[in-house]
Amino acid sequence: MPELPEVESLRRILAGSAVGRTIVAATVREPRLRRALPGDLAATIAGRAILEIGRRAKYLLIELGGDLVLIVHLGMSGSLTYRRDGFDPGPFDPRHDHVEFMLDDGARLVYNDPRRFGLIKPIGRAALADSPELRGLGPEPFAPEFDAEYLWRATRGRRTAIKTLLMDQRIVAGVGNIYASEILFRAGVRPTRRAGRVSRAEAARIAALTPAVLAEAIGDGGTTFRSYRDSRGQPGRFAERLRVYDREGRPCPVCATAIRAATVGQRSSFYCPRCQK
DNA sequence: AAACATTCCTGCACGC
DNA sequence: TGCGTGCAGGAATGTT
């Protein structure tokens with residue numbers, strides 16, 4: 001579900017609903033996520049105010065009082081929903097509502113993650129930037145240093161597929177499987193092309209389209225593929241705008257040629273054989 | 001019933 | 001030979 005646009009959409013929703021509240025208590029129903037939650041998580045965060053909600057790549061950063069930050073990653077199937085009377089995204093899910101934060105206004109934040117590939121990790125603010133999660137990340141797609149020249153250099157001498165490189169979080173942070181296919185479609189470059197064979201002009205197009213496509217998706221509240229819902233229970237509207245992802249056999253929106261599927265770096269990928277060289 | 005929106009780790013091949 | 005790097009593959013897991 002969650003690539004950068006979905007996490008950013010979540011961040012914005014929580015910025016307007018949860019910031020300023022205090023976590024009065026927390027319940028951990030299932031601590032076995034990708035890594036086990038610390039046994040004292042609930043005690044650690046109880047009583048802390050939610051000061052700010054940030055984001056880095058696909059990580060949500062909940063800044064709490066006392067210089068504590070909660071790093072939250074939604075993995076493949078996670079969601080964090082804001083629930084209160086009259087504003088409830090769905091019924092209680094006893095199997096996958098793993099963690100619940102009770103807020104001082106009576107609302108709750110619920111972390112739900114069926115596959116449990118996600119992460120919730122408290123860390124001191126001073127250690128955040130050097131944490132194993134954030135340390136190796138490349139620039140944000142919206143950062144000025146992620147430009148044509150940067151991407152061009154990053155591709156030189158690389159034999160890996162351009163799509164794999166675009167999804168490499170060390171190169172640029174936040175691009176996942178859905179948006180990589182969409183970006184490369186708009187750039188006219190096949191996902192299977194070796195990165196080292198991308199021209200300077202193509203690298204420039206990809207570098208420009210990466211933030212453009214992500215920004216468009218953020219504006220649409222992200223993409224719903226299968227079951228994703230945002231923090232208010234709404235599906236992401238960008239799903240209707242996908243041009244190639246999960247559209248094998250359907251007509252290319254530009255030239256009507258049938259969209260093809262290919263496996264690149266063990267991930268499903270989609271492209272137009274005519275528009276993408 | 002095969003596929004899957006993410007990340008992390010292992011091991012092999014290659015080059016210096 | 002030994003080491004570092006790049007890359008492929010697999011694993012974690014439950015749902016559709």
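Residue numbering restarts at 1 for every chain, and letters A, B, ... go by the order of the sequence lines. Since this is a predicted model, take the numbers as computed values, not measurements.
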Worksheet item: Looking for any heavy atom pair under 4.0 Å, which part of the strands does A:S268 touch: base, sugar-phosphate only, or nothing?
Response: sugar-phosphate

Item to complete: Could you check how far CG of A:D97 sits from P of C:dT15, rounded to whole Å?
Response: 13 Å

Worksheet item: Which class fits the ring pair A:Y59 and A:H73: parallel under 30°, tilted 30 to 60°, perpendicular over 60°?
Response: perpendicular

Worksheet entry | Gap between atoms CG and C1', on A:L80 and B:dT6 respectively (whole Å) | 17 Å

Discussion item. Using a 4.0 Å heavy-atom cut-off, does A:R116 contact any base of the nucleic acid, only the sugar-phosphate backbone, or nothing at all?
Written reply: sugar-phosphate

Discussion item. Just to verify, what does A:E100 make a salt bridge (charged side-chain N to carboxylate O under 4.0 Å, His left out) with, not counting sequence neighbours?
Written reply: A:R29, A:R108

Discussion item. In this structure, how many angstroms lie between the P atom of C:dT15 and the CE atom of A:M76, rounded?
Written reply: 14 Å

Worksheet, complete the sentence: A:H96 has its side chain closest, among B:dC4, C:dC7, C:dG14, to C:dG14

Discussion item. Just N and O in the side chain of A:R159: are any of them under 4.0 Å from OP1 or OP2 of C:dA8?
Written reply: no

Response to the item:
Taken to the nearest whole Å, CZ/A:R267 to P/C:dA8 is 14 Å

Discussion item. Given B:dT6, C:dG6, C:dT13, identify the nucleotide with an atom nearest to the side chain of A:N177.
Written reply: B:dT6

Worksheet item: Which of these nucleotides, C:dG14, B:dT6, C:dA8, is closest to any side-chain atom of A:R115?
Response: C:dG14

Discussion item. With heavy-atom distances below 4.5 Å as the criterion, would you say the side chains of A:L4 and A:F142 are in contact?
Written reply: yes

Worksheet item: Hey, are A:R190 and A:T192 close enough side-chain-wise for a donor-acceptor pair under 3.5 Å?
Response: no

Practice prompt. Using whole Å, report how far CZ of A:F117 lies from P of C:dG10.
Written response: 15 Å

Fill in: The single option from A:R186, A:R193, A:K277 passing salt bridge (charged side-chain N to carboxylate O under 4.0 Å, His left out) against A:E202
A:R193

Worksheet item: Taking atom CZ of A:R153 and atom CZ of A:R200, what is their separation to the nearest 0.5 Å?
Response: 8.0 Å

Discussion item. Please report the distance, rounded to the nearest Å, between CG in A:L119 and C1' in C:dA12.
Written reply: 14 Å

Discussion item. Only Watson-Crick and G-U wobble pairs with both distances less than 3.5 Å should count. Give DNA chain C in dot-bracket notation, marking inter-strand partners with |.
Written reply: .|||||||||||.|||

Cut-off 3.5 Å, no hydrogens considered: what does the side-chain donor-acceptor table look like for residues 19-28 of chain A, sequence neighbours left out?
residue: A:R21; atom: NE; partner: A:D104; partner atom: OD1; Å: 2.8

Worksheet item: Given atom CZ of A:R95 and atom P of C:dT13, what is their separation to the nearest angstrom?
Response: 14 Å

Worksheet, complete the sentence: Walking DNA chain B from its 5' end, the first of A:H73 and A:Q266 to be reached, judged by nearest nucleotide, is A:Q266

Worksheet item: When you check the phosphate oxygens OP1 and OP2 of C:dT15, does a side-chain N or O of A:S77 lie under 4.0 Å from one of them?
Response: no

Worksheet item: Roughly, in whole Å, what's the span from CG in A:L74 to P in B:dT6?
Response: 11 Å

